[in-house]
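To start, the structure itself, in structure tokens.
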Amino acid sequence: MQWETVIGLEVHVQLATRSKIFSGASTAFGAEPNTQACAVDLGLPGVLPVLNEAAVAMAVKFGLAIHAEIPEVSVFDRKNYFYPDLPKGYQTSQMYQPIVGAGEVEITLEDGTTKPIRVHHAHLEEDAGKSLHEDFHGMTGVDLNRAGTPLLEIVSEPDMRSAKEAAAYLKAIHSIVTYLGISDGNMAEGSMRCDVNVSVRPKGQEAFGTRAEIKNVNSFRFVERAIAFEVERQIELLEDGGKVVQETRLFDPERDETRSMRTKEEANDYRYFPCPDLLPVVLDKAYIDHLRDNLPELPAEKRARFENELGLSAYDASVLSATREMADYFEEVKDVCRDAKQAANWVQGELAGALNRENLSIANSPVSARQLGELVARVIDDTINGKAAKQVFQALWNGQGASADDIIEAQGLKQVTDTGAIEAMIDQVIADSPAQVAQYRDAEPDKRGKMIGYFVGQVMKASRGTANPQQVNELLRQKLDALC
Ligand code: ADP
Ligand code: MG
């Protein structure tokens, strides 16, 4: 039997407001436990929440970026449950009238094909605190710094059909929110995490199978691994005549498996009702239009511009627009060297390779975009050849010079294009290699092309890599053939 995977994602994005969604307490990451929770975050008697307008604006910007409807009115509801990290006894969320309606996110797969994924809605809510299980000698501590941090929960339709599509969707959301500047998107710090809903169905069947929900997965890689495990588990279960039960599961990255957390029967009854402390949010058209008019260029638009105006391939355009840092870096290199294709090659080749080797992000690149652009310009204007360019790059990387020109000057890497100088080096190499010359002369003419490599190498060595390789090749061929 052929099975088809069905996936829907609920992505939680921590919004980059300075203060919390309903209070003035700071949202800064990494403070001492319980130093950034105020009476409102703790839900002490008598307090009243005040909605943070910055959170509203960020949510609306996201909605506009995915071409969603923005309803005029949205409403906050209380989701009631007990948990030690939730001192209020309820989470303020939006159940029935979310701030962002239906929209669409386009994903790009590795082979360059695209697919639209529908977003059901996105709503605002507050985060809870954190339980601390270490350092308490068998007891549990609670840090409420995170309580009240604004979250945007983005709920997709079950439109994804593979782990790769789910990861691509998460990457697309990540790139939209970081382009918009509404979240730092730092998954390691929990600024973006998702619940993964997975089911399988026989290929060709229209009705969805029963799903399991894997809670709080916090990396692109874990999303793929959790889905792979879960799909296999469900198929095995069904093929053995069993049934998938609707339940919440946890992914354990150490053991690479998901485990049951609670089943539907044990699920909470949240007793949602509109929060009496908060007025409905009413957005007028002028407010929304103002936000729309000030949206930055978004990943999809940038990708299209890179492809259509700069002439990059679909693949290059998609890689170079994946993050705002990457796109900005590439554009500066391009502006300095004035050649988009060469800029793309260097950013994705030499630079990406070096960053990967040292596990650095482009924001922490030791070579600035201006420095790389100037280096590429020297390749384009033939001041240096490709080999010397790599040397210059390495020197820039190691901080051995402030600019490509400084390094070219200091290390004498300027390309030798003077025919007389190259001929002199060739004559010397020929004089020093009688045996190889004899071999060349005795070889069949169609074998000689390969044998010339030895001489090219010797001449390049004699020039310390600075001779123009094309000229060396041409002149060598003329001189050697004259001897045959
Ligand atoms: P609930 O109301 O229980 O939260 P929703 O209908 O809102 O359920 O769906 C929650 C998430 O689960 C959505 O992202 C949705 O796309 C996804 N989903 C729903 N049904 C399935 C299914 N059969 N298989 C996979 N994902 C599903
Ligand atoms: Mg839900």
Side-chain angles (χ1 to χ4, degrees), residues 2-13 62-63 66 68 74 77-81 91 93-107 115-125 151-174 176 192-218 223-224 226-235 237-238 242-251 258 260-273:
Q2 291 260 47
W3 296 93
E4 183 176 48
T5 305
V6 174
I7 303 159
L9 255 49
E10 295 160 280
V11 182
H12 291 87
V13 174
F62 176 79
I66 63 162
S74 66
D77 301 294
R78 289 187 180 180
K79 178 180 182 178
N80 300 280
Y81 66 98
Q91 178 194 30
S93 180
Q94 297 185 310
M95 179 62 185
Y96 304 106
Q97 289 179 261
I99 187 141
V100 172
E104 199 173 272
V105 171
E106 188 175 82
I107 62 169
K115 174 179 170 174
I117 304 295
R118 290 168 303 153
V119 168
H120 180 272
H121 77 272
H123 63 262
L124 280 168
E125 61 187 27
L151 296 178
L152 185 66
E153 178 174 341
I154 304 155
V155 181
S156 85
E157 295 284 357
D159 283 353
M160 288 151 271
R161 294 291 173 267
S162 68
K164 289 259 178 272
E165 287 188 10
Y169 171 78
L170 200 57
K171 282 182 188 154
I173 297 281
H174 186 268
I176 291 169
M192 215 175 115
R193 48 194 197 264
C194 72
D195 302 339
V196 186
N197 297 272
V198 183
S199 65
V200 297
R201 63 179 170 188
K203 223 180 180 118
Q205 176 184 304
E206 202 172 321
F208 289 139
T210 304
R211 72 180 197 261
E213 178 176 10
I214 312 159
K215 277 278 178 204
N216 268 332
V217 188
N218 68 351
V223 165
E224 288 196 48
I227 293 171
F229 174 86
E230 190 55 25
V231 166
E232 206 169 307
R233 185 188 71 88
Q234 292 185 13
I235 292 175
L237 200 61
L238 293 168
K243 267 196 170 124
V244 176
V245 291
Q246 190 172 335
E247 62 181 352
T248 306
R249 299 178 69 88
L250 270 187
F251 175 63
T258 66
S260 182
M261 204 168 117
R262 59 183 130 83
T263 59
K264 203 181 177 189
E265 288 72 49
E266 305 162 63
N268 282 299
D269 171 6
Y270 293 121
R271 294 166 292 126
Y272 284 100
F273 63 85

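Ligands are counted one by one from 1 in listed order, and the atoms in each one are counted from 1 as well.
A side-chain N or O of R211 and one of N197 form a donor-acceptor pair less than 3.5 Å apart.
With ligand atoms numbered from 1 in the order given, ligand 1 contributes 24 (N), 25 (C) to contacts under 4.0 Å with heavy atoms of V6. Shown in contact with P158 at under 4.0 Å from a heavy atom are these atoms of ligand 1, numbered in order with element: 16 (O), 26 (N), 27 (C). Of all the atoms in ligand 1, the ones that sit under 4.0 Å from a non-hydrogen atom of E157 are 16 (O). Within ligand 1, counting atoms from 1 as listed, the ones closer than 4.0 Å to a heavy atom of S199 are 22 (C), 23 (N), 24 (N), 25 (C). Numbered from 1 in the order shown, with element, the atoms of ligand 1 that lie under 4.0 Å from a heavy atom of V155 read 13 (C), 14 (O). Using a 4.0 Å cut-off to heavy atoms of G209, the atoms of ligand 1 that qualify are 23 (N).
Screening Y272, Y270, F273 against N80 for a side chain to side chain contact (heavy atoms under 4.5 Å, CB included) leaves a single residue, F273.
Panel note: side chain S156, backbone L9; a donor-acceptor pair is recorded below 3.5 Å.
Remark: L250 pairs with K215, M261 by the side-chain contact (heavy atoms from CB on, under 4.5 Å) rule, at least two apart or across chains.
Of the candidates M95, H120, R211, M160, it is R211 that places a heavy atom closest to atom 4 (O) of ligand 1. The closest heavy-atom contact to atom 17 (C) of ligand 1, among the options L9, N197, I154, V244, comes from N197.
Using a 4.0 Å cut-off between charged side-chain N and carboxylate O, E4 and K203 make no salt bridge. Salt bridge present: R233 and E247 bring a charged side-chain N and a carboxylate O closer than 4.0 Å.
Looking at F208 next to ligand 1, no N or O pair under 3.5 Å apart turns up. Here's the thing with T210: none of its N/O atoms is less than 3.5 angstrom from an N/O atom of ligand 1. Checked against a 3.5 angstrom limit, the closest N/O atoms of Q246 and ligand 1 fall outside it.
Applying the side chain to side chain donor-acceptor pair (under 3.5 Å) test to every pair with at least one member in residues 94-103, sequence neighbours left out, gives these pairs: S74-Q94.
Here the straight-line distance linking atom CZ of F62 with atom CG of L152 works out to 6.0 Å at 0.5 Å rounding.
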